[in-house]
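Labels below follow one simple rule: chain letters A, B, ... track the order of the sequence lines, proteins then strands, and each chain is numbered from 1. Keep in mind it's a predicted model, so treat the numbers as computed, not measured.
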2 protein chains.
Amino acid sequence: MGETGGPATIKAFEERLLEVSEDLPKRLRQCADYVAANKDRIAVSTVAEMAEGAGVQPSAFMRFCQILGFSGFSEMQRLFRDSYVGGWPDYSTRLHHLREKAEGSPSALLAEFVEAGRASLENLLKTIEPQTIEQAVQALAGAHMIHIIGLRRSFPVASYMAYAFEKMDVPAMLHSAVGRLDNRNAIRSGDVLLAITFSPYSSETIELVESVRERGIPVVALTDTIVSPLRKFDAIALSVSEVDFGAFRSLSATLCLAIALSVAVGTRRSG
Amino acid sequence: MGETGGPATIKAFEERLLEVSEDLPKRLRQCADYVAANKDRIAVSTVAEMAEGAGVQPSAFMRFCQILGFSGFSEMQRLFRDSYVGGWPDYSTRLHHLREKAEGSPSALLAEFVEAGRASLENLLKTIEPQTIEQAVQALAGAHMIHIIGLRRSFPVASYMAYAFEKMDVPAMLHSAVGRLDNRNAIRSGDVLLAITFSPYSSETIELVESVRERGIPVVALTDTIVSPLRKFDAIALSVSEVDFGAFRSLSATLCLAIALSVAVGTRRSG
DNA sequence: TCAATAATAGACTATAAATTCCATTTTTTC
DNA sequence: GAAAAAATGGAATTTATAGTCTATTATTGA
């Protein structure tokens, strides 16, 4: 195994990866993406594992290693094994460390939000009732068109769901109130409204829900707490309580629920 | 490969090591001493290497592993490898399988996303470098105006940051490409561009970054992995790797970083 | 010192992993 | 739209590595 001209340092490796990954055929690009996102795995995985992770055949992964300039996987792995600095402290130690260190520093802040996010996620699983999601999925999957509304702090959630539905060929429309245009007449019988709102609840959203319910159109709501004003309108309500830190919340749990709901609806429709 | 009763955690391993190493014959004691001092090497070494390090024969090292309660070296190594890649057991493939089977009630799907979100958050803490966030905060806090761009899947993140900045009275402008309006001339000297993009990278974002960098305006980037095209443009890049489900990710980690960054900038400015 | 016991080294075998090769499919080019 | 080139998947092959077995050496106690 003589020296082949592969990258000799992690830095050189990264540069080479960047340089090479410009135009790469499909499978090899998958390798590049997976490797970029999981560099740390190289040292402790087999080709087969890496290949599976990247969603390709082991032979494809081998070719990828060679394109990078190595003689094969083993040589590439050696680079990572040699520069491996293991013994990272575990999550809770790191968290503690970050929190203590320079209170108010950006990374201490990050640690707080990460912790809040984790707590929220845990809580989400505990509080969500399977049958309620099931109802929501059923309603949304049967809709001609899904109308999504969510303003201010809920707008990110609304826009992400709109994106997800679009990707899965589910007919959906985002009511974004751009230019104060009101599209409520686009909501027709057979459609469903998906309303997302958190305290303080936007009046626009509440109003839309109210007017739509009067016309007998089903509403699925993503909201917080059980006292949400949306409860009055007999909607299928999924409530998420997000742990907040300061005035802001990380939205981790909300988005998790949102994306799970979207994917469930998407697969239900095509299935 | 049946379950052998070896230590199941690093902690248990350490206890067992301590307990055992009281009275051990010469060679086995060498093993114990070497392992105690080089626990991190176990994950990336072969028996032969470990044995050489300890100054014993491979077979002696094997016996040592068995005394610790493992079936052999491989089993002991697995403990260290698994704990290194930390609760991130091949989510991409797990979720992939889940989708293929289209099996999975909505709540099972939710559980998967929650689990993926949790792992992503842990990983975020592990990979983010405090000094890079610090740089980003500094750049953003010193800007006259923060211009935010993030399209498609990144749009939720962009819009949430715009919302957060607004709430904290930080001058910020969201470039949303509504109506294909191009606002690039609004970006002036003294401003900073905050670009958010994830694979597949929107060409609009890349182009904007490129044109802005040519004018010498600083760019802070929120992106995934090191192969992101934004790397080329010498931006302050914060990379988050998030587990995805086909085209979707729960964005938990990304939003956590985004909100932490926003709040840090907000307090830095008013402080 | 001698027997009995335990420990060790080194060779041997089984196994798992890396790597290569080629038929098949996909993409490009004319 | 056909021919050429490139990319891919999967099986076959080779190599490296873990794990086992046994003869030899050290250690202990009488």
Side-chain angles (χ1 to χ4, degrees), chain A residues 1-6 20-35 38 41-82 84, chain B residues 1-6 13 20-35 38 41-82 84-85 90 92-93 96-97 100:
Chain A
M1 294 287 164
E3 290 287 324
T4 332
V20 130
S21 66
E22 290 296 297
D23 51 357
L24 228 43
K26 193 170 158 222
R27 293 281 115 104
L28 297 183
R29 161 152 288 266
Q30 282 173 247
C31 295
D33 290 346
Y34 183 76
V35 162
N38 301 281
R41 289 206 155 186
I42 298 174
V44 295
S45 302
T46 64
V47 235
E49 286 164 350
M50 292 299 289
E52 188 185 354
V56 305
Q57 290 286 330
S59 55
F61 201 88
M62 290 295 303
R63 263 176 290 131
F64 172 72
C65 296
Q66 286 161 359
I67 283 171
L68 250 37
F70 299 102
S71 69
F73 177 73
S74 296
E75 197 174 287
M76 176 167 122
Q77 190 176 54
R78 172 136 37 248
L79 171 64
F80 283 84
R81 287 191 169 174
D82 289 347
Y84 168 91
Chain B
M1 296 275 172
E3 290 287 324
T4 332
F13 174 86
V20 129
S21 65
E22 290 297 296
D23 51 357
L24 231 40
K26 193 174 160 215
R27 292 282 118 107
L28 296 184
R29 160 153 290 260
Q30 282 174 246
C31 293
D33 290 346
Y34 183 76
V35 162
N38 300 279
R41 287 276 121 198
I42 297 174
V44 296
S45 302
T46 64
V47 233
E49 286 164 350
M50 291 300 289
E52 187 184 353
V56 304
Q57 289 288 326
S59 56
F61 200 87
M62 290 293 304
R63 263 178 293 128
F64 172 73
C65 296
Q66 285 160 0
I67 283 171
L68 250 36
F70 299 101
S71 69
F73 177 71
S74 295
E75 195 174 288
M76 177 166 119
Q77 190 175 53
R78 173 154 296 113
L79 171 65
F80 284 83
R81 289 189 168 175
D82 289 350
Y84 172 65
V85 285
D90 262 334
S92 34
T93 45
H96 188 67
H97 292 325
E100 277 185 344

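- The interatomic distance linking A:Phe64 (CZ) with D:dA7 (P) rounds to 14 Å, in whole Å.
- A donor-acceptor pair is defined here as one N or O able to donate and one able to accept, closer than 3.5 Å; no such pair exists between the side chain of A:Gln77 and the backbone of A:Thr46.
- Checking side-chain atoms of B:Arg29 against main-chain N and O of B:Glu22 turns up a donor-acceptor pair under 3.5 Å.
- Picking from C:dA18, D:dT20, D:dT17 the nucleotide with the shortest atom distance to the side chain of B:Met62 gives D:dT20.
- Rounded to whole Å, atom P of D:dT27 lies 16 Å from atom CG of B:Asp23.
- Taking atom CE on A:Met50 and atom P on C:dA16, their separation rounds to 22 Å, with Å as the unit.
- Put simply, CD on A:Gln30 is 13 Å from C1' on D:dG9, counting in whole angstrom units.
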What pairs of nitrogen or oxygen atoms, one from the protein and one from nucleotides 22-24 of chain D, lie under 3.5 Å apart?
none

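- If you take CZ of A:Phe70 and P of C:dT20, they are 15 Å apart, rounded to a whole angstrom.
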*Go through the steps for B:Arg41 and B:Tyr34 under the test side-chain hydrogen bond (donor to acceptor under 3.5 Å, both in side chains), then give the verdict.*
CA-CA 10 Å; B:Arg41 287 276 121 198; B:Tyr34 183 76; over 6 Å; no
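- The only option from B:Glu75, B:Met76, B:Met50 that meets the side chain to side chain contact (heavy atoms under 4.5 Å, CB included) definition with B:Cys65 turns out to be B:Met76.
- Note: A:Tyr84 and B:Tyr84 meet the aromatic proximity criterion, with ring centroids under 6.0 Å apart.
- In this structure, B:Phe13 and B:Phe80 have perpendicular ring planes: the angle between them is above 60°, well past the 30° mark.
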Which atoms of nucleotides 7-12 of chain C (N or O only) lie under 3.5 Å from a protein N or O atom, and what are those distances?
from   : atom 1 : to      : atom 2 : distance (Å)
C:dT8  : OP1    : B:Arg27 : N      : 2.7
C:dT8  : OP2    : B:Arg63 : NH1    : 3.4
C:dA9  : OP1    : B:Arg27 : NH1    : 2.2
C:dA9  : N7     : B:Ser59 : OG     : 3.1
C:dG10 : OP2    : B:Gln57 : NE2    : 2.4
C:dG10 : O6     : B:Ser59 : OG     : 3.2

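- Annotation for B:Glu49: atom CD counts as buried by contact number, over 12 foreign heavy atoms lying within 6.0 Å.
- Here B:Gln66 reaches the OP1 or OP2 of D:dT20: one of its side-chain N or O atoms lies under 4.0 Å away.
- Between A:Glu52 atom CD and D:dG10 atom C1' there is a gap of 16 Å when expressed in whole angstrom units.
- Rounded to a whole Å, the CD atom of A:Gln77 is 14 Å from the C1' atom of C:dT19.
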*Assess whether side-chain hydrogen bond (donor to acceptor under 3.5 Å, both in side chains) is satisfied between A:Arg63 and A:Gln66, documenting all intermediate values.*
CA-CA 5 Å; A:Arg63 263 176 290 131; A:Gln66 286 161 359; over 6 Å; no
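- Listed pair A:Ser74 / C:dT19 meets the phosphate criterion, a side-chain N or O lying under 4.0 Å from OP1 or OP2.
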